[in-house]
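First up is the structure itself, then whatever we jot down about it.
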Amino acid sequence: MQNIVIVGASLAGTRAAETLRSAGFTGTITMVGAEQQKPYDRPPLSKNYLAGDWDEERVALRKPEVLDELNLTWKLGVAATSLDTTSRTVALANGESISYDGLIIATGGDVRRLPNQPDLAGIHTLRTLDDATALRNEIAEGTRVVVIGAGFIGLEAAATAKKRGAEVTVLEGLEAPLIRAMGAEMGAAIGAVHERNGVAVRCGVQVASINGDARVTEVTLTSGETIAADVVIVGIGVSPATTWLESSGLTLRDGVVCDAHLNAGPATVFVAGDILRWPNELFMDVEADMRVEHWTNAAEQGAHAATNLLAALNGTEQTPYVAVLFFWSDQFDARIQCLGRPSANAVVDVVAGNPSDGKWCAIYSVNNRLTAVLGVSQPKLVMPSRALLSAHTSREDALAHFARVTAPPPPPAA
Ligand SMILES: Cc1cc2nc3c(=O)[nH]c(=O)nc-3n(C[C@H](O)[C@H](O)[C@H](O)COP(=O)(O)OP(=O)(O)OC[C@H]3O[C@@H](n4cnc5c(N)ncnc54)[C@H](O)[C@@H]3O)c2cc1C
């Protein structure tokens, strides 16, 4: 009877457990999770849940009876504190030590805090269900919300707060929103969606301090300007949750560094989700290895890591995890969808629509080959582009493809 331990009881961890069971694994599966809750979905936390439209039950990743069928041993509300790959044991914060034959690491990311972030009521981050509940309880008609950081989570929270009637200001240190993720041109176009909906988007500004007395009252910029705030959302990204692995001997570099099979070095230790850094064969010509923070990727990697772990335990062949990559984001009525790997250094061509109308499609190319297709409320153009990305299509061929598929239909024959 073999024993598999999954550390991180969220999306990647759940998909790993489901895959193990559906592949016929009948041994013990222990799910270790630092949070109290059974696995839940994070995307609604900045959207429907924050808006007050969904309740806690609706954000559950699986219904209780579905989880029961998996027959898992749950260790919730207790963090793993270290890993010993020689004795094959994981130590937990409650003093317990669990041994494993196979291990899947899926501990995701921890939100970053500002270096001088004070501990005042009204200052929030947004990663967990508890974070989202605390934040949604403080947003109402007229609440003055200041969002620090114009990344995806900050912008989604800004849009939801605005829709709830808050007065929202977004502060970004770089010259446009989403620069690292989408590049300056597309980041500015998405920022403009917010401005059209009444959010004040202030780019190229630096926060000097967040002030208040017990509760936050204002944010001061390095220019000396102050912005009144009832609520501050610090949305400056996440760091992979690798602290517990520091003495493990695994290679840590902004994530756990793995091979193409998602293996971390020791034969039966695999990694999945936001914490993973791996060489994605499809993009190795532009990026030697990558770490991504997308829902679809975490789900697929959880399943893939589990399949390869079983292969390692059974001595059968493992397969590389090769992904086109996909993410979505909802901000006001903009449905953002992106296939591939957009980057700030890419050449960007708008191939349909117009950013100023809030509905467009753009392609990204690096070294003259297509690396990403971004659509804002253009679902019909994005999803069919998967094959173009898999095939390393040149920029010229991609432009010709989009010219063809967006051409107006010929006039009817006389
Ligand atoms: C608010 C929000 C909105 C999002 N919206 C979108 C979206 O619209 N589209 C999209 O593509 N992606 C979105 N994402 C990203 C997506 O949710 C993540 O990519 C996904 O949750 C990653 O799953 P994961 O299992 O790798 O990690 P996580 O979901 O972060 O789970 C990791 C789990 O491990 C636990 N853990 C950490 N350390 C330890 C430890 N030492 N011991 C035990 N447990 C530990 C954590 O508490 C957590 O429960 C969003 C994320 C957030 C936060």
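Ligands are counted one by one from 1 in listed order, and the atoms in each one are counted from 1 as well. Sequential numbering from 1 along the given sequence is applied to the chain's residues.
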Would you mind checking which non-hydrogen protein atom is closest to [atom], with the distance to 0.1 Å?
| atom | result |
| --- | --- |
| atom 25 (O) of ligand 1 | A12 N, 2.9 Å |
| atom 22 (C) of ligand 1 | D274 OD1, 3.2 Å |
| atom 13 (C) of ligand 1 | P43 CG, 3.9 Å |
| atom 27 (O) of ligand 1 | G108 CA, 3.4 Å |
| atom 46 (C) of ligand 1 | E35 OE2, 3.8 Å |
| atom 39 (C) of ligand 1 | T107 CG2, 3.4 Å |
| atom 43 (C) of ligand 1 | A34 N, 3.4 Å |
| atom 33 (C) of ligand 1 | S10 CB, 3.8 Å |

For ligand 1, which part of [X] has a heavy atom less than 4.0 Å away: the side chain, the backbone, both, or neither?
| X | answer |
| --- | --- |
| W328 | both |
| R42 | both |
| A298 | side chain |
| V7 | side chain |
| W295 | both |

List every atom of ligand 1 that sits less than 4.0 Å from any heavy atom of [X], numbering the atoms from 1 in the order shown and giving each element.
| X | result |
| --- | --- |
| F327 | 11 (O) |
| I153 | 1 (C), 2 (C), 3 (C), 4 (C), 50 (C), 51 (C), 52 (C) |
| E293 | 15 (C), 19 (O) |
| G273 | 26 (O) |
| R127 | 28 (P), 30 (O), 53 (C) |
| G109 | 30 (O) |
| L11 | 23 (O), 25 (O) |

Under a 4.0 Å N-O cut-off, is there an ion pair linking [X] with [Y]?
| X | Y | result |
| --- | --- | --- |
| R144 | D230 | yes |
| R62 | E18 | yes |
| R127 | D274 | yes |
| E156 | R42 | no |
| R15 | E300 | no |
| D53 | K47 | no |

Grab the two heavy atoms, one from [X] and one from [Y], that are nearest each other, plus how far apart they are.
| X | Y | result |
| --- | --- | --- |
| L120 | R215 | CB-C, 4.3 Å |
| A189 | W360 | CB-CZ2, 3.5 Å |
| A323 | L282 | O-CD2, 3.8 Å |

Pairing residues for R202 by the salt bridge (charged side-chain N to carboxylate O under 4.0 Å, His left out) criterion, not counting sequence neighbours: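 Expected list: E225.
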Please compare G154, A80, A157, A93 and report which has the shortest non-hydrogen distance to atom 40 (C) of ligand 1. A80
Going by atom type alone, with no hydrogens or angles, which donor-acceptor pairs under 3.5 Å involve a side-chain atom of residues 255-273 and a protein atom two or more places apart or on another chain?
residue: D259; atom: OD1; partner: H261; partner atom: N; Å: 2.8
residue: D259; atom: OD1; partner: L262; partner atom: N; Å: 3.2
residue: D259; atom: OD1; partner: N263; partner atom: N; Å: 3.0
residue: N263; atom: OD1; partner: G265; partner atom: N; Å: 2.8
residue: N263; atom: ND2; partner: P266; partner atom: O; Å: 3.0
residue: N263; atom: ND2; partner: A267; partner atom: O; Å: 3.3
residue: N263; atom: ND2; partner: V269; partner atom: O; Å: 3.2
residue: T268; atom: OG1; partner: D101; partner atom: O; Å: 2.8

Please say whether the positively charged group of R136, taken as NZ for Lys or CZ for Arg, lies over the ring of Y49, i.e. under 6.0 angstrom from the six-membered ring centre and within 45 degrees of the axis. yes
Could you check whether any heavy atom of K47 sits closer than 4.0 Å to an atom of ligand 1, since that is the contact criterion I want to use?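 Yes, that is the case, since the closest heavy atom of the residue is under 4.0 Å from the ligand.
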Aromatic ring centroids of Y321 and W278 under 6.0 Å?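 Aromatic pair counts; centres sit under 6.0 Å.
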Polar contact flag for T296 and ligand 1 (N/O pairs, less than 3.5 Å):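 So ligand 1 has no N or O lying under 3.5 Å from an N or O of T296.
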Mind checking the CZ-CD1 spacing from R395 to I363? Nearest 0.5 Å is all I need. 7.0 Å
